[in-house]
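Since the structure is predicted, the reported quantities are computational estimates derived from the model, not experimental observations. Start at 1 and go down the list; that is how both ligands and their atoms are numbered. The figures that follow rest on heavy atoms only: side chains count, while hydrogens, waters and symmetry mates do not.
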Amino acid sequence: MTSPHAPAPDELAALRRRYRLERERRVRPDGARQYRPTEAEFGYYAADPYAEEAAGREPLHDTVDVAVVGGGFGGILAGARLRQQGVQRVRIVEKGGDFGGTWYWNRYPGIHCDIESHVYLPMLDETGYVPEWKYSPGEEIRRHAVRLAEKYGLRPDALFSTAVTSLTWDEASETWIVATDRGDAFRATYVVTATGTLSEPKLPGIPGIEDFAGHTFHTSRWDYGYTGGTPDGGMKGLAGKRVGIVGTGATGVQVIPMLAEDAGHVYVFQRTPSTVDVRANRRTTAGDVGADRDGWARERRDNYLRIVSGEPAEQDLVADSWTHSAGLLEKLLPSFRRQGDRKAFEAAYEAADASKMNELRGRVERTVTDPDTAERLKPWYRYACKRPTFSDKYYPAFNRGNVTLVDTADTHGIERITEHGVVVGDTAYELDCLIFATGFSVGTSGIHSGKLPVHGRGGTQLLHAWAQRGPRTLHGLTSNGFPNLIQMGSLQNASSVNYTHILDEQAGHAAALVAAAEAAGALVEPSREAESAWVAELAEDAPDHEWFHAECTPGYYNREGRGRPNGPTAYPHGAFAFHALLERWREESIGGILRPRTVRAPAGRWGARGAGLGAWWGVGGGGGRRG
Ligand code: NDP
């Protein structure tokens, strides 16, 4: 059946022209340099509003089995999976004041996860927890992160409000020296890095941004002391106030309806409108998701990954806007297998894309009563150019008398900030409060940014080792010259919109590597040949999405309009196939990554190596001790 939104025969050419014009309106010569990382220049914006005053403590110089950098879901899952393998001393080091990562920092009003909670929240089978909403509020997710950390005994050894400043391999002891900004220099046999991908907030470099005399903050550091209320609303502090918000991405779309409820007047400074699809959040019961059966969460999560990776699936258990639009994610995640004639595929794909975008533009028209505002809220680009968003409250907010949409596309964003407010074109908007929903620097946290230097064998720095030929890893997780270092993240690995699933798979893999190394008394370190083979395998089938991103409106998916970075960055056949590949590799080839240790482990800790150790570390049985 043809969709009611299917493009007319002559519509595609017109759409292509319109998309090109909309892109040209927005591309800035300064590209990603238009932003300023908050930590470097605006310490105030990056400060942790949630942490208790960091209590003084003596620097640590002890030795642990595994140091994990980052206490978000990645680090917690690494810790949990290591504990399941029987590893004793796992020390998570976290910049924030507690566990939670993104869900620790982001507590803005209206915060929800827009991936279904029953697939997003990890280890539901293990904890018996069943989320209460189809799309959980942020606080439910943060509490689940804490629940996991506590269930697996990760709190006693964790260091909070502490940033790792360097990792140095000590050849003599075959351990890593982990240095932090609190003066620690402790040792770890293994290091797992789980520093996240969107963890450093960024601000636009708008002239005069320092001059604003009203109240201001970034959405990832919400100041409830000023606004009052909670993530559920009730911000009495905003009554009668003129509030400006910059940014209409996934965060802005969730915050703006909440501000509209409580503020005197809200000015929404929009540069590029998001696609805003149906949310349909609702309370759920255990019965709705079949949570009475063993393994229900794993089954649901696998089914979801199958669908959003473009794999055939007999049923769609989650059945939401993500899974219904899954085919259109082909350009967003390099995962879909192209079948048959490429030209025919691209033509069908473009028509399906236009149909979806017509549907979404129709949604604006049907909901927003003022035609001029509706026109400005319409997204003119292809579906996967920007991260899709979902809300049933966003468009209705623009029908309220106290919400004004200010379109800044023609001026490439806000032109100037003054002591009193924001200037766009000829108009000055006086504000009491200015909130930045301007997102995060991509790829600037952790070891790939250079901010956390890693010195491997012979003192070689990881980024120097990669400078000539680009990143070199096996499965994105391990690198030659950097023994016992396991890097979680999406580089040369796989990605999915359900990122916690990716992290859990990586965590399980990391724990299996550690267990295998311990059982064999070995180090984890791939050979150069294994790395080269992996990089070649990624390159062989790498899809060419460069042209697609080159035609998209600017954003962090296409380096602000400059296209994607060169070189293969992810497994080309998608996350579902990648996980199967890793499982096979663990069964058949894990021994190939093990190298003999030259240093004997301290007596006692590794004393049981040999007989019985497999049971202690859970090798072979797949289970080991449960934490
Ligand atoms: P984004 O980077 O997606 O959005 C930033 C917004 O700020 C854009 O609308 C951008 O406009 C705008 N902006 C930047 N500079 C200016 C300027 N000078 N003037 C006017 N506007 C400006 O950040 P978000 O925090 O919204 O989202 C980041 C990511 O976090 C998402 O992509 C998603 O992956 C994740 N997220 C996930 C959620 C979930 O439920 N799972 C919820 C929220 C976020 P322009 O588009 O023109 O650059």
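- Of all heavy-atom pairs spanning Met488 and Ala194, the tightest one is SD-CB, 4.0 Å.
- Between Thr272 and ligand 1, at least one N/O pair is under 3.5 Å apart.
- Of the polar atoms of Gln34, none of the N or O atoms is found under 3.5 Å from an N or O of ligand 1, judged by distance alone.
- Of the protein's non-hydrogen atoms, Tyr556 OH, 2.5 Å is the one closest to atom 32 (O) of ligand 1.
- Each of the following atoms of ligand 1 lies closer than 4.0 Å to a heavy atom of Tyr35: 14 (C), 15 (N), 48 (O).
- Every atom of ligand 1 is numbered from 1 in the order shown, and the set under 4.0 Å from a heavy atom of Ala437 is 5 (C), 6 (C), 7 (O).
- At least one heavy atom of Ile414 sits closer than 4.0 Å to an atom of ligand 1.
- Between Asp410 and Arg26, no side-chain nitrogen of the basic residue sits less than 4.0 Å from a carboxylate oxygen of the acidic one, so the salt-bridge criterion is not met.
- Using a 4.0 Å cut-off between charged side-chain N and carboxylate O, Glu551 and Arg16 make no salt bridge.
- Contact annotation: Tyr108 has at least one heavy atom less than 4.0 Å from an atom of ligand 1.
- Judged by the shortest distance from any of its heavy atoms, Cys113 lies inside the 4.0 Å radius around the atoms of ligand 1.
- Phe390 and Trp322 have tilted rings, their planes meeting at an angle from 30° to 60° on a 0 to 90° scale.
- Under a cut-off of 6.0 angstrom, the local environment of CZ in Arg25 is crowded, with over 12 non-hydrogen atoms contributed by other residues, nucleotides or ligands.
- Each of Tyr45, Phe217, Tyr104, Tyr108 was scored for a ring pair (Phe, Tyr, Trp, His ring centres under 6.0 Å) with Trp222, with one residue passing: Phe217.
- A 6.0 Å sphere centred on NZ of Lys393 holds no more than 12 heavy atoms belonging to other residues, nucleotides or ligands.
- Checked against a 3.5 angstrom limit, the closest N/O atoms of Ala250 and ligand 1 fall inside it.
- In summary, the aromatic rings of His218 and Phe436 are positioned with their centroids too far apart to meet the 6.0 Å limit.
- Within ligand 1, counting atoms from 1 as listed, the ones closer than 4.0 Å to a heavy atom of Phe440 are 25 (O).
- Ligand 1 has a nitrogen or oxygen under 3.5 angstrom from a nitrogen or oxygen of Arg387.
- Of the heavy atoms in Arg26, none comes closer than 4.0 Å to ligand 1.
- With respect to atom 18 (N) of ligand 1, the closest heavy atom belonging to the protein is Pro204 CB, 3.5 Å.
- The closest approach between Gln270 and ligand 1 stays at or above 4.0 Å for every heavy atom of the residue.
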In sequence, state the C-alpha distance, the side-chain angles, and the governing distance for Thr323 and Asp316, and then conclude on side-chain hydrogen bond (donor to acceptor under 3.5 Å, both in side chains).
-> CA-CA 8 Å; Thr323 59; Asp316 176 358; 2.8 Å; yes
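- Contact atoms of ligand 1 toward Gly247: 6 (C), 7 (O), 9 (O), 12 (C) (distance under 4.0 Å to a heavy atom of the residue).
- Close approach of ligand 1 to His112 is summarised as follows: ligand atoms under 4.0 Å from at least one heavy atom of the residue are 40 (O).
- Considering backbone and side-chain N/O atoms, Arg271 comes within less than 3.5 Å of an N/O atom of ligand 1.
- Residue contact annotation: Phe436 has no non-hydrogen atom under 4.0 Å from ligand 1.
- Under 4.0 angstrom from ligand 1, the non-hydrogen atoms of Leu198 all belong to its side chain.
- Counting protein heavy atoms only, atom 20 (C) of ligand 1 is closest to Val246 CG1, 3.5 Å.
- Interface atoms of ligand 1 facing Asp114, defined by a heavy-atom separation under 4.0 Å, are 39 (C), 40 (O), 41 (N).
- Between Arg298 and Asp302 there is no salt bridge, since no side-chain N of the basic residue sits under 4.0 Å from a carboxylate O of the acidic one.
- A salt bridge is defined here as a Lys NZ or Arg NE, NH1 or NH2 lying under 4.0 Å from an Asp or Glu carboxylate O, and Arg363 with Asp277 fails to meet this definition.
- Atom 4 (O) of ligand 1 has Gly249 CA, 3.9 Å as its closest protein atom, hydrogens excluded (heavy atom only).
- Note: His144 and Phe73 have tilted aromatic rings, judged against thresholds of 30 and 60 degrees for the angle between ring planes.
- A salt bridge is absent between Glu24 and Arg20; no separation between the charged side-chain nitrogens and carboxylate oxygens falls under 4.0 Å.
- Between His265 and Tyr267, the ring-plane angle classifies as tilted under the 30° and 60° cut-offs.
- Protein heavy atom closest to atom 23 (O) of ligand 1, with residue, atom name and distance, is Gly439 CA, 3.1 Å.
- From the protein, the heavy atom lying nearest to atom 46 (O) of ligand 1 is Lys386 NZ, 2.7 Å.
- A cation-pi arrangement, defined by a distance under 6.0 Å to the six-membered ring centre and an angle within 45 degrees of its axis, is present between Arg18 and Trp380.
- Among residue pairs with one or both ends in residues 244-268, those qualifying as salt bridge (Lys or Arg N to Asp or Glu O under 4.0 Å) are Glu261-Arg400; sequence neighbours excluded.
- Numbered from 1 in the order shown, with element, the atoms of ligand 1 that lie under 4.0 Å from a heavy atom of Gln254 read 40 (O).
- Below 4.0 Å from some heavy atom of Thr248 lie the following atoms of ligand 1, by number and element: 6 (C), 9 (O).
- Considering backbone and side-chain N/O of Thr408, none are found under 3.5 Å from N/O of ligand 1.
- Contacts with ligand 1 closer than 4.0 Å are made by no heavy atom of Ser220, backbone or side chain.
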Walk me through it: do Tyr129 and Glu140 pass the test side-chain hydrogen bond (donor to acceptor under 3.5 Å, both in side chains)?
-> CA-CA 11 Å; Tyr129 183 70; Glu140 187 182 6; 2.5 Å; yes
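- Nearest protein heavy-atom neighbour of atom 27 (O) of ligand 1: Thr251 OG1, 3.8 Å.
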